[in-house]
Amino acid sequence: MLDAFSEPTFRKILSSKIEEGPKHIILDLSQIDFVDSSGLGALVQLAKLANANGTLQIVTNARVTQTVKLVRLEKFLALQPTVAAALEQIKSS
């Protein structure tokens, strides 16, 4: 679950990893069953941060993808169906 309760910790940890980590990052959310507006906001902030120097590929499941599409963020967030697809996207970029 990525909601208002978990979002601050999630964003803090991921922000530090993006800033210190590799150029391309794969975030696997395929086991997440719920994302609220706080979680979506965190994903947008993290994508902006990562896209400044590289990419953030987000592996999702049907529920997360549906939530992202509901608020029309699918073109901004790099959603991938599998880790393999995310790796392929990184290789081709």
Side-chain angles (χ1 to χ4, degrees):
M1 183 177 307
L2 182 51
D3 60 4
F5 179 74
S6 62
E7 180 270 331
T9 303
F10 173 80
R11 188 170 25 95
K12 181 180 178 183
I13 292 170
L14 267 288
S15 293
S16 68
K17 296 301 178 192
I18 289 170
E19 290 171 356
E20 69 188 34
K23 183 176 179 180
H24 302 288
I25 295 175
I26 297 173
L27 178 60
D28 187 352
L29 298 181
S30 63
Q31 300 301 308
I32 298 290
D33 61 351
F34 178 77
V35 178
D36 73 1
S37 60
S38 299
L40 290 172
L43 291 175
V44 168
Q45 288 178 339
L46 293 169
K48 286 180 180 179
L49 183 61
N51 291 340
N53 296 318
T55 63
L56 175 65
Q57 301 295 316
I58 303 170
V59 179
T60 65
N61 57 37
R63 291 187 79 163
V64 174
T65 299
Q66 180 182 18
T67 302
V68 170
K69 286 183 175 182
L70 185 66
V71 294
R72 298 184 178 179
L73 287 173
E74 70 274 12
K75 291 185 180 176
F76 179 74
L77 299 174
L79 303 181
Q80 302 299 333
T82 64
V83 172
L87 286 168
E88 193 60 38
Q89 184 64 33
I90 289 170
K91 288 178 187 176
S92 68
S93 64

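Note that this is a predicted model, so its numbers are computed, not measured.
Follow the hydrophobic side-chain contacts under 4.5 Å out from Ile18 and you never reach Val59; the two are in separate clusters. The cluster map of Ile, Leu, Val, Met, Phe, Trp and Tyr, joined by side-chain heavy atoms under 4.5 Å apart, puts Phe10 and Leu73 in the same cluster. Cluster annotation: Val71 is connected to Leu77 through the hydrophobic network of ILVMFWY side chains, with a link wherever side-chain heavy atoms come within less than 4.5 Å. Tracing side-chain contacts under 4.5 Å through hydrophobic residues (I, L, V, M, F, W, Y), one never reaches Val64 starting from Met1; they form parts of separate clusters.
Atom NZ of residue Lys17 and atom NZ of residue Lys12 lie 12.0 Å apart, to the nearest 0.5 angstrom. Residue Asp33 holds its CG atom at 10.5 Å from CG of Leu2, rounded to the nearest 0.5 Å.
Minimum heavy-atom separation, Ile32 to Asn61: O-ND2, 2.7 Å.
No more than 12 heavy-atom neighbours from other residues, nucleotides or ligands sit within 6.0 angstrom of CZ on Phe5. Crowding of Gln66 atom CD: a count of heavy atoms from other residues, nucleotides or ligands under 6.0 Å not exceeding 12. Dense packing is recorded around CD of Glu20, with more than 12 heavy atoms of other residues, nucleotides or ligands lying under 6.0 Å away.
Exactly one of Thr67, Leu79, Val68, Leu27 qualifies for a side-chain contact (heavy atoms from CB on, under 4.5 Å) with Thr60. That residue is Leu79.
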Sequence neighbours left out, cut at 3.5 Å: what donor-acceptor pairs do the side chains of residues 40-58 make with other protein atoms?
| unit_1 | atom_1 | unit_2 | atom_2 | d |
| --- | --- | --- | --- | --- |
| Gln45 | OE1 | Arg11 | NE | 3.2 |
| Asn51 | ND2 | Ala47 | O | 3.0 |
| Thr55 | OG1 | His24 | ND1 | 2.7 |
| Gln57 | OE1 | Gln80 | NE2 | 2.9 |

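Between the side chain of Ser6 and the backbone N or O of Asp3, at least one donor-acceptor pair lies under 3.5 Å. Checked by atom type and distance alone, the side chain of Asp36 pairs as donor or acceptor with a backbone atom of Ala4 at under 3.5 Å.
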